[in-house]
Amino acid sequence: MKKKNRVKTYNIIPHIVLIFVALACLLPLVLVISASFTSDAEIAKYGYAFIPKNFTLEAYVYIFKKPLQLILSYGVTTLVTVVGTLAGLLITAMLAYGISRKDYPFAKATTLFVYMTMLFAAGLVPWYMMVSNTLNLKDTIFALIVPYLVVPWFVMLMKGYFAEISPSIIEAAKIDGASEFKVFFQIVIPMAKPGLATVGLFIMLMYWNDYYLSLMFIQSSKMVSLQFMLYRMMSNIDFLKSALAAQAGMLSGVQIPAKSIRMAMCVLAAGPMLFVFPFFQKYFVKGIAIGSVKE
């Protein structure tokens with residue numbers, strides 16, 4: 001009985017710890033959502049609260065006052081995320097599969113080449129000149145997609161997943177007359193779904209949260225990504241707040257809900273990914289566990 005009680009106690013403790021960890025991850029998100037529906041005056045007076053005392057849409061009304069730019073930025077980011085994730089995942093998987101094959105004679109050399117790019121970079125200026133001048137991608141939608149198509153860390157991660165596939169399966173498929181493309185797309189890819197889902201989620205988050213490429217290569221307001229548009233909007237709000245503070249006497253009646261707008265922007269930027277993640281959760285958990293146990 002004592003052993004059973006101890007086992008039950010040992011089983012309860014991890015659940016309690018995980019509940020606290022889950023709450024620690026969830027409560028800040030709830031606080032951000034609540035603050036986005038709270039006025040700046042209430043935040044300044046009472047601080048941030050999980051339940052707003054006076055529910056208001058002031059921040060969202062201010063953001064959607066001119067919705068055209070926001071809609072365009074959402075469209076650009078969605079297009080870049082979908083196309084970039086599919087193309088990047090395909091290229092990453094093909095490269096990782098090649099260097100994971102033991103019968104590929106240049107596997108070690110190619111792996112070393114990919115790994116070296118994680119340690120050394122040519123620098124910002126050569127990279128900018130290559131993308132804008134050599135490839136002529138400046139101020140085009142491809143400038144938001146091409147630079148992130150191959151990320152060395154994702155290639156090495158996928159290599160570990162493909163290394164778990166038994167070579168005998170590939171050899172059996174070749175004996176049956178399957179070509180390399182057929183082996184890759186009909187046998188290897190279905191077996192590597194957890195790894196593909198995990199790396200695909202990382203690539204998707206990378207494209208969705210990126211603002212740096214828009215800052216570097218995009219000048220047209222019609223092709224600005226969502227994150228950069230929100231960043232620029234927040235910079236403009238901070239500038240207006242400082243201008244209002246400098247001319248408080250002349251513009252005493254003008255108020256900008258800067259704090260609640262900041263929280264509303266976080267909700268608008270992170271919201272879609274919160275709905276996407278549950279579809280990847282099943283494969284994501286399996287993908288994290290792959291390679292953790294060796295025979």
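In this text, all values refer to a predicted model and were calculated from it rather than measured experimentally.
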Is there side-chain contact between [X] and [Y], with at least one heavy-atom pair below 4.5 Å?
| X | Y | result |
| --- | --- | --- |
| Leu137 | Ser132 | no |
| Val224 | Val76 | no |
| Leu226 | Leu70 | yes |
| Phe185 | Leu90 | yes |
| Ile99 | Phe162 | no |

What's the separation between atom [atom1] in [X] and atom [atom2] in [Y], rounded to the nearest 0.5 Å?
| X | Y | atom1 | atom2 | value |
| --- | --- | --- | --- | --- |
| Lys222 | Leu68 | NZ | CG | 9.0 Å |
| Asp210 | Ile145 | CG | CD1 | 11.5 Å |
| Ile187 | Ile169 | CD1 | CD1 | 8.0 Å |
| Met204 | Leu89 | CE | CG | 9.0 Å |
| Met223 | Leu72 | CE | CG | 11.0 Å |
| Ile91 | Leu86 | CD1 | CG | 11.0 Å |

* Would Met206 and Val151 satisfy side-chain contact (heavy atoms from CB on, under 4.5 Å), going step by step from the backbone distance to the final call? -> CA-CA 10 Å; Met206 177 183 65; Val151 178; 3.8 Å; yes

For [X] and [Y], which heavy atoms make the closest approach, and how far apart are they?
| X | Y | result |
| --- | --- | --- |
| Val150 | Pro152 | O-CD, 3.9 Å |
| Pro194 | Met191 | CD-O, 4.2 Å |
| Ser100 | Ala163 | CB-N, 4.3 Å |

Are any side-chain N or O atoms of [X] and backbone N or O atoms of [Y], one a donor and one an acceptor, separated by less than 3.5 Å?
| X | Y | value |
| --- | --- | --- |
| Asp139 | Ser220 | yes |
| Ser34 | Val30 | no |
| Thr140 | Asn136 | no |
| Ser36 | Ile33 | yes |

Taking [atom1] in [X] as the centre, count heavy atoms belonging to other residues, nucleotides or ligands within less than 6.0 Å. Is the count above 12?
| X | atom1 | result |
| --- | --- | --- |
| Ile51 | CD1 | no |
| Phe20 | CZ | no |
| Tyr211 | OH | no |
| Met118 | CE | yes |
| Phe106 | CZ | no |

Could you state whether [X] and [Y] fall into the same hydrophobic cluster, counting links through intermediate Ile, Leu, Val, Met, Phe, Trp or Tyr residues with side-chain heavy atoms under 4.5 angstrom apart?
| X | Y | answer |
| --- | --- | --- |
| Tyr115 | Val155 | yes |
| Leu201 | Val82 | no |
| Tyr104 | Val183 | no |
| Ile19 | Leu27 | yes |
| Leu18 | Leu23 | no |

* Asked: Under the side-chain contact (heavy atoms from CB on, under 4.5 Å) criterion, do Val114 and Leu95 qualify, and how do the steps go?
  -> CA-CA 10 Å; Val114 174; Leu95 178 57; 4.2 Å; yes

* Asked: For Val131 and Leu213, what are the C-alpha separation, side-chain angles and deciding distance, and is it a side-chain contact (heavy atoms from CB on, under 4.5 Å)?
  -> CA-CA 10 Å; Val131 174; Leu213 294 180; over 6 Å; no

* Structure fact -> Only residue of Trp208, Phe142, Tyr148, Tyr207 satisfying side-chain contact (heavy atoms from CB on, under 4.5 Å) with Val80 is Tyr207

* Asked: Less than 4.0 Å between a side-chain N and a carboxylate O, is that true for Arg101 and Glu180?
  -> yes

* Yes or no on side-chain hydrogen bond (donor to acceptor under 3.5 Å, both in side chains) for Lys159 and Tyr97, after CA distance, side-chain angles and deciding distance? -> CA-CA 6 Å; Lys159 178 179 178 293; Tyr97 174 67; over 6 Å; no

* Structure fact -> Between Phe217 and the options Tyr212, Phe228, Trp127, the ring pair (Phe, Tyr, Trp, His ring centres under 6.0 Å) test singles out Trp127

* To do: Give the C-alpha distance, both sets of side-chain angles, the deciding distance and a yes or no for side-chain contact (heavy atoms from CB on, under 4.5 Å) between Lys138 and Tyr128.
  => CA-CA 9 Å; Lys138 188 175 181 179; Tyr128 177 83; 2.9 Å; yes

* To do: Look at the rings of Phe202 and Phe154 and say which category their plane angle falls in: under 30° parallel, 30 to 60° tilted, over 60° perpendicular.
  => parallel

